[in-house]
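Only this structure's heavy atoms are used, side chains among them; waters, hydrogens and symmetry mates stay out. Remember, predicted model here, so these are calculated numbers, not experimental data. A, B, ... follow the sequence lines: proteins, then strands. Residue 1 opens every chain.
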Protein chains: 2
Amino acid sequence: MRSTCGTERSGGDDLTTRARIRDAAVARFAREGFHRTTMRAVAADAGVSPGLLIHHFGSKDGLRRQCDEYVLAWFVQRARAEASTDGLREVIASFVADPAATRVPMDYMARAVTEGTPTGAGFIDTMITETEQYVHAGVADGTLRPVDDARATAVVMAMGSLAMLLLPDQIARTLGEPAFGPTVLRRLTGPLLQLYTEGLYTDETVRRITEDSLAALDGAGSHGTEAGPEGSTR
Amino acid sequence: MRSTCGTERSGGDDLTTRARIRDAAVARFAREGFHRTTMRAVAADAGVSPGLLIHHFGSKDGLRRQCDEYVLAWFVQRARAEASTDGLREVIASFVADPAATRVPMDYMARAVTEGTPTGAGFIDTMITETEQYVHAGVADGTLRPVDDARATAVVMAMGSLAMLLLPDQIARTLGEPAFGPTVLRRLTGPLLQLYTEGLYTDETVRRITEDSLAALDGAGSHGTEAGPEGSTR
DNA sequence: TAGCGTACTGAACATGCGTTCAACATGCGG
DNA sequence: CCGCATGTTGAACGCATGTTCAGTACGCTA
């Protein structure tokens, strides 16, 4: 083990070999997913031999664990920065300056989520729990309307951000933009603000109809479909 | 080639061998993704030898193409069914009766989307384009409020459904439910209806602040960050 | 300078993969 | 009965992968 464990930033060219390998692995995992990236490809990207990856990380899974930890730390640091006004401004500025750079940890986390790793699951959990706290606080101070089910509301709110994390390229493509950058974010901001401040339906019709239908389903299904059709064939 | 090409349903036990292989492959691809499922595993599931898969589908990629086509047809048929009231009722009923059955094509399409296959991209495109048409129609007949950017609004609306397609298990877990079923859908419906009929913010503050900040960014960044920081390092 | 531990190499190994192929079964038209 | 096309098998092939290991280079301590 070395004393410079895990705290090197990946900016300059004078990185530890270990850090260079880790950066190469993060990039590959982000771009191609864990299963498709080969140790040899990572080694080649880092300019070392395949054996060295084993020497430093024990196995491919060990390498993944280190990458998970590193990317998670990136997100934590970023979230902390976003808390302050100046930090947020800086985060936005860096994204505007070079959207592609932000994409690497983003895509990595997207892979972690879709591949169902513990890191991805934990990321979603904290994301939704923090959104839930925001909902509670907002309702308490009158910023947000009262909600029935704060947790479910948080899930609905978070799903939008999650989709942006998971499908940036698809979103950019359907908007006819060349890549996911400030322009795309700009176009999504308007509709999102409209939705959250005044909704989209002009009246209560859809809400009433849907809730009536659900109530009717409850009435009709009360003879056998009531509690726990979940996981019947699982 | 055979005359019974592609139109067998996968309900009974008297399936063509070809269809049995296809069904086994769809299930495996849905559960584990394309890259992780092996031809041997599919062959074992279908009760045949590995060589037969090649005989029928030419290659693993050929098998995937057939599966894509089959699942896409399932979605088209389902969308058609949802158009009529009775059909919709039936779709809902079948989902309530056995949510797990619906999950196979859903998970398959989720894989297709996250793995970036043409099928997945096409699915998203049609989904968003149809949402956009719904927005146009709704604005025209007064059901929906007027929107600035119908396409972007459609993207925002579709992202919620997309997240439900991609992360059903994660959503169920964060809601403390054992599986993604009617109960989860029920809990999400309330917040979604609230959001779409009245919004969540109690006033215009957030909208005004955000739009002012964006305008300020435009003013400050007009000396070099205006057109096309997209894909600068790509 | 000798000794030693650590970083590092690259050939080799074992395994699992997609695919090939020779062989067999079966049914059908002549 | 023959001949042939088709469905099916299972052993084998070639290749790519993760991992091992013997060996080299190098810097440090004594």
Side-chain angles (χ1 to χ4, degrees), chain A residues 1-8 10 12-68 111-112 115 117, chain B residues 1-8 10 12-68 111-112 115 117:
Chain A
M1 286 297 164
R2 298 184 88 257
S3 57
T4 53
C5 220
T7 12
E8 323 90 346
S10 44
D13 220 22
D14 53 347
L15 286 168
T16 323
T17 310
R18 228 184 109 94
R20 231 178 333 122
I21 295 172
R22 189 240 298 128
D23 285 357
V26 167
R28 280 266 175 190
F29 289 158
R31 196 162 357 112
E32 309 175 359
F34 177 73
H35 220 77
R36 282 153 103 133
T37 74
T38 69
M39 296 289 266
R40 285 174 229 267
V42 173
D45 288 353
V48 298
S49 70
L52 194 58
L53 306 212
I54 300 292
H55 175 71
H56 277 306
F57 300 95
S59 68
K60 193 183 180 185
D61 225 69
L63 178 57
R64 193 235 287 264
R65 273 191 295 275
Q66 291 291 319
C67 292
D68 278 15
R111 294 284 184 188
E115 287 171 5
T117 72
Chain B
M1 289 293 169
R2 300 185 85 255
S3 56
T4 53
C5 221
T7 11
E8 322 91 345
S10 45
D13 219 22
D14 54 345
L15 287 167
T16 323
T17 309
R18 228 184 109 93
R20 231 179 331 124
I21 295 172
R22 190 236 302 125
D23 285 357
V26 167
R28 281 267 175 189
F29 289 158
R31 196 161 358 112
E32 309 175 359
F34 177 73
H35 213 252
R36 281 153 103 133
T37 75
T38 69
M39 295 290 265
R40 286 173 228 268
V42 174
D45 289 352
V48 298
S49 71
L52 194 58
L53 307 211
I54 300 293
H55 175 69
H56 277 305
F57 299 95
S59 68
K60 193 183 179 185
D61 224 69
L63 178 57
R64 192 234 286 264
R65 272 193 295 275
Q66 291 291 318
C67 292
D68 278 14
R111 294 284 184 188
E115 286 170 7
T117 71

Would you give the length of the straight line joining atom NE2 of H56(A) to atom OG1 of T17(A), rounded to the nearest 0.5 angstrom? 5.5 Å
Could you tabulate the donor-acceptor pairs under 3.5 Å formed by side-chain atoms of residues 32-44 of chain A, not counting sequence neighbours?
residue : atom : partner : partner atom : Å
E32(A)  : OE2  : R28(A)  : NH1          : 2.9
T37(A)  : OG1  : F34(A)  : O            : 3.4
T38(A)  : OG1  : A41(A)  : N            : 3.0

[X] has an atom [atom1]; how far is it from atom [atom2] of [N], in whole Å?
X      : N       : atom1 : atom2 : value
L52(A) : dG23(D) : CG    : C1'   : 15 Å
H56(A) : dT9(C)  : NE2   : C1'   : 12 Å
L53(B) : dG7(D)  : CG    : P     : 14 Å

Verify side chain to side chain contact (heavy atoms under 4.5 Å, CB included) between R18(B) and Q66(B), making sure each step is shown before the conclusion. CA-CA 10 Å; R18(B) 228 184 109 93; Q66(B) 291 291 318; 3.4 Å; yes
Out of dA7(C), dG18(D), dA12(D), which nucleotide sits closest to the side chain of R40(B)?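 Looking only at heavy atoms from C-beta outward on R40(B), the closest nucleotide is dA12(D).
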Between S49(A) and K60(B), name the one whose nearest nucleotide on DNA chain C is closer to the 5' end. S49(A)
Side chain to side chain contact (heavy atoms under 4.5 Å, CB included) partners of A46(A), counting only residues at least two apart: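 Residues passing side chain to side chain contact (heavy atoms under 4.5 Å, CB included) with A46(A): I21(A), A24(A), V48(A).
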Under the side chain to side chain contact (heavy atoms under 4.5 Å, CB included) test, residues paired with R65(A) that sit two or more places apart: D61(A)
Can you list the steps and then say if R64(B) with F57(B) is a side chain to side chain contact (heavy atoms under 4.5 Å, CB included)? CA-CA 9 Å; R64(B) 192 234 286 264; F57(B) 299 95; over 6 Å; no
Between S59(A) and dG18(D), does any side-chain N or O lie under 4.0 Å from OP1 or OP2? no
Looking at H55(A), does any N or O in its side chain come under 4.0 Å of the phosphate oxygens OP1/OP2 on dA7(C)? yes
DNA chain C contacts among residues 32-39 of chain A, heavy-atom distance under 4.0 Å: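 Those residues: none at all.
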For nucleotides 20-26 of chain C, which of its nitrogen or oxygen atoms have a protein nitrogen or oxygen under 3.5 Å away, and what is each distance?
none

I'd like a table of atom pairs between the protein and nucleotides 25-28 of chain D - only N or O on both sides, under 3.5 Å - with the distance next to each one.
none

Can you tell me if R22(B) uses its side chain to pair, donor with acceptor, with the backbone of L63(B) under 3.5 Å?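 Answer holds: no.
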